[in-house]
Engineer: 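The structure follows.
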Amino acid sequence: MALNLTFRQLKVFESAARHLSYTRAAEELHLSQPGVSMQIKQLEESVGLPLFEQIGKKMHLTTAGHEIYTYSQDIGHLLDEAEEVLQALKGVSRGRLSISVATTASHFTTRLLAAFSQRYDGVTISLDITNRESLKHQLENNLPDMVIMGQPPEGVDVQSETFMENPLVLIAPANHPLVKDQNIPLKRFEDELFVVRESGSGTRSAIQRFFDEHSVSFHTGIEMSSNEAIKQAVEAGLGLGIVSIHTLELELETARLVILNVEDFPIKRHWHIVQRSGKRLSPLAQTFKQFVLDEAAQFIRLP
Ligand code: PGA
């Protein structure tokens, strides 16, 4: 027997399941709370099983609820895709683009997106800035059109292209005693403390891999989830730092931080533009991808 349900019920259910709250679903969808509960009740009737259960004060999804939740998300994504394809038929001058980038890439991607949206001014762009771990999760769930990150994730079926180098450099405050030294041995840093990005950051795992490969120990002090905070901490003398050179434009220009000349540095990395394999990119998304591949380097401004 075919399920007798409506898109509307699925949409309401998806929101309630995501928030685990009828009230928040009602707020999100601009409905009344009884409206939400009626849609879900009708959905439960057509499914023939309860979708939520209340344990103590907390709402949970039942097994059937989990199943329907997965399908309702997939259907939502398909509808978004259908909308994009239809938009595409109207040309690249309109439409929506959803891009997620690594925290470290945000320094040049904001400028890049500004230039792109000036060129295609009917386009709506949403940009999410987050770390590598969360980008992997987004790709697994096929959420953004495209991702800009340091290294394509393992264990997710993706298509990726390299478009620019992303060297990681060792930074120190401008008055550091090693500022004038050349080819400083890596071992010299075994007793130094580094201010580092959080685990889950691509920069952080690249640094760890580099020190492991060189069999040099690496001591981490405070962890911070922002490159900006790391640069300020290094400037304030809390430790040394290792960051992508693309985060340093202003500090190098104003000589507030210096790059130390260390053997085997910089750590060589590349930026990648990544999408789920088999994803049907709209002409707008394809145009954006080509723009990144051809023009990204112009948006780096190093002294
Ligand atoms: P991050 O990512 O901002 O998570 O460190 C950059 C990268 O993957 O290199």
Side-chain angles (χ1 to χ4, degrees), residues 98-113 126-141 143-171 193-214 218-234 238-252 257 259 262 264-276 289 292-293 296-297 299-302:
S98 129
I99 308 293
S100 297
V101 306
T103 316
T104 303
S106 66
H107 293 259
F108 65 88
T109 38
T110 37
R111 277 200 296 266
L112 187 144
L113 285 175
S126 82
L127 171 67
D128 186 29
I129 300 170
T130 183
N131 76 12
R132 172 178 172 78
E133 207 43 45
S134 147
L135 291 173
K136 179 178 177 197
H137 178 77
Q138 294 191 12
L139 282 165
E140 273 165 356
N141 292 290
L143 296 176
D145 290 319
M146 258 164 298
V147 165
I148 292 177
M149 63 197 303
Q151 180 76 31
E154 281 126 33
V156 192
D157 198 6
V158 293
Q159 216 176 306
S160 89
E161 275 161 84
T162 304
F163 63 88
M164 188 163 62
E165 289 185 346
N166 172 26
L168 305 188
V169 293
L170 201 152
I171 51 170
L193 206 59
F194 283 86
V195 185
V196 288
R197 285 283 304 279
E198 77 286 6
S199 57
S201 137
T203 308
R204 170 74 179 270
S205 47
I207 298 170
Q208 195 62 58
R209 219 172 22 247
F210 174 82
F211 278 88
D212 290 349
E213 277 165 15
H214 287 79
F218 173 67
H219 297 289
T220 58
I222 310 176
E223 287 190 2
M224 298 182 178
S225 60
S226 127
N227 295 307
E228 291 307 310
I230 290 184
K231 291 183 295 182
Q232 283 165 18
V234 172
L238 279 180
L240 297 173
I242 299 174
V243 293
S244 163
I245 199 165
H246 296 155
T247 66
L248 286 172
E249 296 171 352
L250 208 61
E251 288 73 12
L252 294 179
L257 289 171
I259 298 178
V262 181
D264 292 327
F265 264 77
I267 302 176
K268 290 182 191 58
R269 306 194 71 213
H270 285 90
W271 289 116
H272 293 78
I273 184 154
V274 185
Q275 70 196 64
R276 265 310 280 261
K289 182 174 171 183
V292 172
L293 294 175
F299 299 96
I300 302 293
R301 287 193 205 135
L302 287 169

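Fair warning: this is a prediction, and the values are worked out from it, not measured in the lab. Whatever order the structure lists ligands and atoms in, that order sets their numbers, starting from 1.
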Engineer: To which protein heavy atom is atom 2 (O) of ligand 1 closest, and what is the distance rounded to 0.1 Å?
Structural biologist: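 For atom 2 (O) of ligand 1, the nearest protein heavy atom is A102 CB, 3.3 Å.
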Engineer: Can R111 and E249 be counted as an ion pair, charged N to O under 4.0 angstrom?
Structural biologist: yes
Engineer: Salt-bridge test for K289 and E161: reply yes if a basic N is under 4.0 Å from a carboxylate O, no otherwise.
Structural biologist: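 The answer is yes: the pair qualifies as a salt bridge.
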Engineer: Are L250 and K231 packed together at the side-chain level, in the sense that at least one heavy-atom pair is separated by less than 4.5 angstrom?
Structural biologist: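 Answer no - side chains too far apart.
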Engineer: G202 versus ligand 1: do any nitrogen or oxygen atoms come within less than 3.5 Å of each other?
Structural biologist: yes
Engineer: Between S100 and Q138, do the side chains contain an N or O donor and an N or O acceptor separated by less than 3.5 Å?
Structural biologist: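 S100 vs Q138: donor-acceptor pair found between side chains.
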Engineer: Considering distance alone, does some N or O of R197 sit under 3.5 Å from an N or O of ligand 1?
Structural biologist: yes
Engineer: Return the residue, atom name and 0.1 Å-rounded distance of the protein heavy atom closest to atom 3 (O) of ligand 1.
Structural biologist: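 That would be T104 OG1, 2.8 Å.
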Engineer: Are I171 and L248 close enough that some pair of their side-chain heavy atoms sits under 4.5 Å apart?
Structural biologist: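 Answer yes - side chains close enough.
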Engineer: Should S201 be counted as touching ligand 1, given the test is an N or O pair under 3.5 Å?
Structural biologist: yes
Engineer: For atom 5 (O) of ligand 1, what is the closest protein heavy atom, and at what distance to 0.1 Å?
Structural biologist: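 Sorting protein heavy atoms by distance from atom 5 (O) of ligand 1 puts T203 OG1, 2.6 Å first.
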Engineer: Would you please say whether a donor-acceptor pair under 3.5 Å links the side chains of T104 and N227?
Structural biologist: yes
Engineer: Please determine, by modelled atom types, if Q275 and D145 share a side-chain donor-acceptor pair under 3.5 angstrom.
Structural biologist: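 D145 and Q275 do not have a side-chain donor-acceptor pair below 3.5 Å.
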Engineer: For atom 9 (O) of ligand 1, what's the nearest protein heavy atom and its distance?
Structural biologist: R269 NH1, 2.2 Å
Engineer: Using distance alone, determine whether Q151 and ligand 1 share an N or O pair under 3.5 Å.
Structural biologist: no
Engineer: Could you tell me, atom by atom, which parts of ligand 1 come under 4.0 Å of a heavy atom of T103?
Structural biologist: 3 (O)
Engineer: Would you say E154 has more than 12 foreign heavy atoms packed within less than 6.0 Å of its CD?
Structural biologist: no
Engineer: In terms of atom number and element, which parts of ligand 1 are under 4.0 angstrom from non-hydrogen atoms of N131?
Structural biologist: 4 (O)
Engineer: Side chain, backbone, both or neither: which part of R204 comes within less than 4.0 Å of ligand 1 when only heavy atoms are counted?
Structural biologist: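 Answer for R204: neither.
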Engineer: Give the residue and atom name of whichever protein heavy atom lies nearest to atom 8 (O) of ligand 1, and the separation in Å to one decimal.
Structural biologist: G150 N, 3.1 Å
Engineer: For ligand 1, which is the ligand I care about here, please tell me if R132 has any N or O atom under 3.5 Å from one of the ligand's N or O atoms.
Structural biologist: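 Yes, R132 has an N/O under 3.5 Å of an N/O on ligand 1.
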Engineer: Would you find more than 12 non-hydrogen atoms of other residues, nucleotides or ligands less than 6.0 Å from H137 atom NE2?
Structural biologist: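 Atom NE2 in H137 is not crowded, with 12 or fewer foreign heavy atoms closer than 6.0 Å.
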